[in-house]
Amino acid sequence: MDTCLDMSLAAGYTSHSQMARVVTEQWVEKNMFCPRCGAGHLIHLRANRPVADFACPQCGGIFESKAKRGMLGRKIADGAYETMIRRIHEADNPDFFFMSYDLDNARVCDFLIIPKHFFVDSIIEKRKPLAATARRAGWVGCNILLEEIPSYGRIPLIQNGRIADKADICQKYQSTSFLANMNLTSRGWLMDVFRCLEDIKTKTFTLQEMYKFEDRLQILHPENQNIRAKIRQQLQYLRDKGLIQFMERGVYRKIH
């Protein structure tokens, strides 16, 4: 694997978006393996398939690829809002690849893998409908809020041009695969607890520190009348899955 983009593929294109799509998707097809099962290559699917660009010939996993010139930033523009929401509620929703690239130097700068089980409604932002004067008047797009995805779910394959180890990538993917068996409501709760954990900057944390997020979680889950018990339940679940470690009564340690 290397970080070079083959700019010869862009010959004959005048649109920057077309050039970027052809070059970056060819890079994924040539370089990317399946993070779910470790298969050495992915198959490029037919164009214009909703929310799917690549598939693994071994495990059947599907992947959507997004590329952005410059820094990835806090959010990534995506397609139709209703299509995205519908797809993340389906059993065969895709995992996502996010790439930032430098077209002038023909390089991949960053490349993230975000497993499908980290996609919940709250990370999909609905954009304003297109104006009545637009060609697709009334069309509603969406943004994917990268900043709302916990670091457990943002797995870097390339970071600032440096390539991570394949085995490490697959291990990180598998460490959270249990989320795929949870319904969206349960996953939403875990995502919110993940984000609270990440606001605690130390590796070791206490139950009392987690209780400080009680008001935030109450706003996010107004139907729940026992937030502290729910926090303890989620921590126990994360402990059982090996994502945090119990140290002593009321004290935990983050594994990642």
Side-chain angles (χ1 to χ4, degrees), residues 1-10 13 15-69 72 75-80 83-103 106-119 123-124 141-144 146 149 153-159 163-177 179-180:
M1 178 182 291
D2 62 45
T3 61
C4 297
L5 296 171
D6 184 358
M7 297 307 298
S8 67
L9 298 169
Y13 291 96
S15 164
H16 172 267
S17 61
Q18 289 178 320
M19 292 169 58
R21 178 184 57 80
V22 170
V23 170
T24 59
E25 289 189 358
Q26 187 274 344
W27 184 93
V28 174
E29 184 177 16
K30 180 181 177 181
N31 290 275
M32 195 54 206
F33 55 88
C34 177
R36 300 178 63 183
C37 70
H41 73 283
L42 300 175
I43 297 171
H44 198 177
L45 300 174
R46 61 181 175 83
N48 299 319
R49 176 173 173 172
V51 201
D53 292 319
F54 298 91
C56 173
Q58 184 165 296
C59 72
I62 59 174
F63 304 87
E64 171 78 354
S65 180
K66 298 292 179 185
K68 182 179 180 181
R69 192 172 189 172
L72 283 175
K75 61 177 69 176
I76 297 289
D78 198 63
T83 299
M84 174 60 79
I85 292 296
R86 183 172 63 252
R87 291 290 279 129
I88 68 175
H89 281 252
E90 295 174 350
D92 63 343
N93 61 312
D95 296 307
F96 271 78
F97 299 145
F98 291 99
M99 176 195 296
S100 69
Y101 59 90
D102 179 348
L103 210 58
R107 291 280 180 179
V108 177
C109 302
D110 297 287
F111 192 90
L112 295 178
I113 300 164
I114 299 182
K116 63 181 183 179
H117 37 268
F118 281 90
F119 279 78
I123 71 163
I124 308 301
C142 69
N143 296 314
I144 299 171
L146 294 182
I149 301 171
R154 300 191 304 267
I155 306 172
L157 175 67
I158 299 174
Q159 193 166 24
I163 302 170
D165 178 69
K166 175 182 176 180
D168 185 51
I169 295 296
C170 293
Q171 187 278 325
K172 287 181 177 178
Y173 184 101
Q174 290 301 322
S175 71
T176 61
S177 60
L179 291 167

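- Across every non-hydrogen atom of G38 and C170, the tightest pair is CA-SG, 4.0 Å.
- Contact check for R107 versus I158: no side-chain heavy atoms found under the 4.5 Å cut-off.
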Quiz item: What's the verdict on side-chain contact (heavy atoms from CB on, under 4.5 Å) for D165 and Q171, showing C-alpha distance, side-chain angles and the deciding distance?
Solution: CA-CA 10 Å; D165 178 69; Q171 187 278 325; over 6 Å; no
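- Here the closest non-hydrogen pair linking N143 and A77 is OD1-CA, 3.4 Å.
- Within 6.0 Å of atom NZ in K166, more than 12 heavy atoms from other residues, nucleotides or ligands are found, so the atom counts as buried in its surroundings.
- Nearest heavy atom pair, residue W27 against residue C4, reads CD1-O, 3.2 Å.
- In this structure, P115 and R36 have side chains that are not in contact, with every pair of non-hydrogen atoms separated by 4.5 Å or more.
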Quiz item: Does the pair F98 and D110 meet the rule for a side-chain contact (heavy atoms from CB on, under 4.5 Å), with working shown?
Solution: CA-CA 8 Å; F98 291 99; D110 297 287; over 6 Å; no
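- In this structure, CG on D2 lies 7.0 Å from CD1 on I163, to the nearest 0.5 angstrom.
- Y173 and H117 have their aromatic ring centers within a separation under 6.0 angstrom.
- Considering all non-hydrogen atoms of both residues, Q174 and P35 come closest at NE2-O, 4.4 Å.
- Looking only at side-chain heavy atoms (C-beta outward), V108 and L5 come within less than 4.5 Å of each other.
- To the nearest 0.5 Å, atom CD1 of residue I123 and atom CD1 of residue I114 are 7.0 Å apart.
- Counting heavy atoms from C-beta outward, F97 and D53 have side chains that stay 4.5 Å or more apart.
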Practice problem: Check the pair V28, F63 against side-chain contact (heavy atoms from CB on, under 4.5 Å), reporting the backbone distance first and the verdict last. | Solution: CA-CA 11 Å; V28 174; F63 304 87; over 6 Å; no
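- In this structure, the side chains of F111 and T3 stay at 4.5 Å or more apart for every pair of heavy atoms.
- At a threshold of 4.5 Å between non-hydrogen side-chain atoms, the residues M1 and L157 count as touching.
- When every heavy atom of I62 is checked against every heavy atom of D92, the shortest pair comes out as CD1-O, 3.0 Å.
- To the nearest 0.5 Å, the span separating NE2 on H44 from CE on M32 amounts to 14.5 Å.
- The distance from atom OG1 of T24 to atom CE of M99, rounded to the nearest 0.5 Å, is 5.0 Å.
- Once rounded to the nearest 0.5 Å, the distance linking CG of L45 with OG of S65 reads 11.5 Å.
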Self-check item: Pair C34-F54, side-chain contact (heavy atoms from CB on, under 4.5 Å): steps then yes or no
Solution: CA-CA 10 Å; C34 177; F54 298 91; over 6 Å; no
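- Among all heavy-atom pairs drawn from M84 and F96, the shortest one is CE-CZ, 3.5 Å.
- You'll find the side chain of H89 reaches within 4.5 Å of the side chain of I85, heavy atoms only.
- Note that CD1 of I113 and NZ of K172 are 10.0 Å apart. Values are rounded to the nearest 0.5 Å.
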